[in-house]
Amino acid sequence: AQTVTQSQPEMSVQEAETVTLSCTYDTSESDYYLFWYKQPPSRQMILVIRQEAYKQQNATENRFSVNFQKAAKSFSLKISDSQLGDAAMYFCAYRIPKGAQKLVFGQGTRLTINP
Amino acid sequence: DAGITQSPRHKVTETGTPVTLRCHQTENHRYMYWYRQDPGHGLRLIHYSYGVKDTDKGEVSDGYSVSRSKTEDFLLTLESATSSQTSVYFCAISVGAGVVGADTQYFGPGTRLTVL
């Protein structure tokens, strides 16, 4: 069974600094997709970034980038120039492109931004 | 905004009563999902639908049923609510990227359900 593990229940960072959130996953599949979702206090689940496993290049979206290490089954999220609005729960998720195509989520990391 | 609404947004009910949550989408996407979110578990799949009247179970489907009579609506029913079903429920749709299997899921705003 596929599992996703986020080993950091909570993280904090100073405003304008850089922070990295960790995620590891376990799978026997070779073709899959990885995602980071953000959940602010409003409870809305917001897609931050996605990565296709077949792509070697790490995905980036403005201040958000990932470090995808396929052999190590690691998918970390780096937030540069942290802003107060980045404070939220961050969830790592995994999906295979067949069957239900369901998302398998990690337990989440709560990120606090210190002004 | 992926055009997903959920109703109600909040509900308090008593043990043993039936409850129906509604998910509505405006863009005719084929796949729809119901997840529940509990502390320490992230989101877990309850049921999903891959078309009108086509549904299947997820990993935590016990005590829940679903129906999809129209493309735009996906209903989640708790036949007899229990306290263990107190949770936040999210609906999601799968939006295609033009490549088979490359969809991304977008979520509705969630429904907080409390069963007393």
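Reminder, nothing fancy here: chain letters follow the sequence lines and each chain counts from 1.
- Using modelled atom types and a 3.5 Å distance limit, the side chains of A:Tyr32 and A:Tyr54 yield no donor-acceptor pair.
- Chain B forms the most heavy-atom pairs under 4.5 Å with one residue out of A:Gln107, A:Met89, A:Gln6, A:Gln44, and that residue is A:Gln44.
- Using non-hydrogen atoms only and a strict 4.5 Å limit, the part of residues 45-57 of chain B facing chain A consists of B:Leu45, B:Tyr48.
- In this structure, A:Phe35 has its ring center at least 6.0 angstrom away from the ring center of A:Phe91.
- Note: A:Tyr90 OH to A:Lys38 NZ = 4.5 Å, rounded to the nearest 0.5 Å.
- Considering only heavy-atom pairs separated by less than 4.5 Å from chain A, the leading option among B:Gly108, B:Gly58, B:Ser94 is B:Gly108.
- Of all residues in residues 67-78 of chain B, none places a non-hydrogen atom less than 4.5 angstrom from a non-hydrogen atom of chain A.
- Ring centroids of B:Phe107 and B:Tyr35 are separated by less than 6.0 Å, placing the two rings close together.
- Taking CG of B:Asp38 as the reference point, atom CD of B:Gln85 lies at 10.5 Å (rounded to 0.5 Å).
- Contact annotation for A:Leu47: only side-chain heavy atoms (C-beta onward) come within less than 4.5 Å of a heavy atom of chain B.
- No donor-acceptor pair under 3.5 Å is formed between the side chain of A:Lys102 and the backbone N or O of A:Arg95.
- Proximity to chain B is limited to the side chain of A:Gln39, based on heavy atoms less than 4.5 angstrom apart.
- Ring geometry, A:Phe75 versus A:Trp36: the interplanar angle falls under 30°, so the pair is classed parallel (tilted spans 30 to 60°).
- Here the CG-CD distance, from A:Leu103 to B:Gln105, works out to 4.0 Å after rounding to the nearest 0.5 Å.
- The closest side-chain heavy-atom distance from A:Tyr33 to A:Arg50 is below 4.5 Å.
- Neither the backbone nor the side chain of B:Arg44 has a heavy atom closer than 4.5 Å to any heavy atom of chain A.
- Remark: the backbone N or O of A:Glu29 is paired with a side-chain donor or acceptor of A:Thr27 at under 3.5 angstrom.
- Taking CG of A:Leu21 as the start and OG of A:Ser76 as the end, the distance is 8.5 Å to the nearest 0.5 Å.
- Here the side chain of B:Thr86 pairs a donor or acceptor atom with the backbone of B:Val115 at under 3.5 angstrom.
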